[in-house]
Amino acid sequence: MIFGKYGQMILSNMEKNYPYRKQELELTGELNTKIFEREQYILQLKEKLEKEIKTKYKEPKTSEMYVVAKYQQMIDGLVDEILMKEVLVKI
């Protein structure tokens, strides 16, 4: 199964910090399913967080592409920082 950004991070975390749990899930055939479910949960949480942060930090009223891109980078950085806690949780 091909995972997205967060799925790959979850798998990497499992390999590094929870190798026995990863092996257990592999043996039962649940690893891909669990990672996929966790990734879907994180993606839903990401959408919610983006809306909350964009409400708190309004988009700059300019048509300059550089400023808009920096704003989006800021939003993405804040969301990723919050979501890292969810990625590191043991499944």
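Keep in mind that this is a model prediction, so the values were computed, not measured.
- V68 and I75 sit in two unconnected hydrophobic clusters of ILVMFWY residues. Membership requires side-chain heavy atoms under 4.5 Å apart, directly or through other members.
- Taking both residues in full, the closest heavy atoms of V67 and P60 are given as CG1-CG, 3.7 Å, listed atom of the first, atom of the second, then distance.
- The line from CG of L83 to CG of L49 is 5.5 Å long, rounded to the nearest 0.5 Å.
- Nearest heavy atoms, E39 versus I10: N-CD1, 4.1 Å.
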- L11/K22 under side chain to side chain contact (heavy atoms under 4.5 Å, CB included): CA gap, chis, key distance, verdict: CA-CA 8 Å; L11 180 60; K22 178 183 174 274; 3.7 Å; yes

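- When the side-chain hydrogen bond (donor to acceptor under 3.5 Å, both in side chains) test is applied to K46, no partner is found at least two apart in sequence or on another chain.
- Of all heavy-atom pairs spanning N13 and V87, the tightest one is ND2-O, 3.7 Å.
- Between E86 atom CD and L43 atom CG the span is 12.0 Å, to the nearest 0.5 Å.
- Of all non-hydrogen atoms in L88 and Y18, the two that sit nearest each other are O-OH, 3.8 Å.
- The salt bridge (Lys or Arg N to Asp or Glu O under 4.0 Å) test applied to E59 returns no partner, not counting sequence neighbours.
- Atom-to-atom distance recorded for M14:CE and R38:CZ is 11.0 Å, nearest 0.5 angstrom.
- Of all non-hydrogen atoms in Y71 and K54, the two that sit nearest each other are OH-CG, 3.5 Å.
- With values rounded to the nearest 0.5 angstrom, L25 atom CG is found 9.5 Å from T33 atom OG1.
- Sparse packing is recorded around OH of Y57, with 12 or fewer heavy atoms of other residues, nucleotides or ligands lying under 6.0 Å away.
- For the pair K56 and E52, the salt-bridge criterion is not met [side-chain N within less than 4.0 Å of a carboxylate O].
- Checked against salt bridge (Lys or Arg N to Asp or Glu O under 4.0 Å), D80 has the following partners two or more places apart in sequence or in another chain: K5.
- Atom CZ of R21 is separated from atom CG of L31 by 9.5 Å, given to the nearest 0.5 angstrom.
- Taking every heavy atom of both residues into account, Q8 and F3 meet most closely at NE2-O, 3.3 Å.
- Remark: E30 CD to E37 CD distance equals 9.0 Å, nearest 0.5 Å.
- Side-chain contact between D76 and Q72 is present, with at least one heavy-atom pair separated by less than 4.5 Å.
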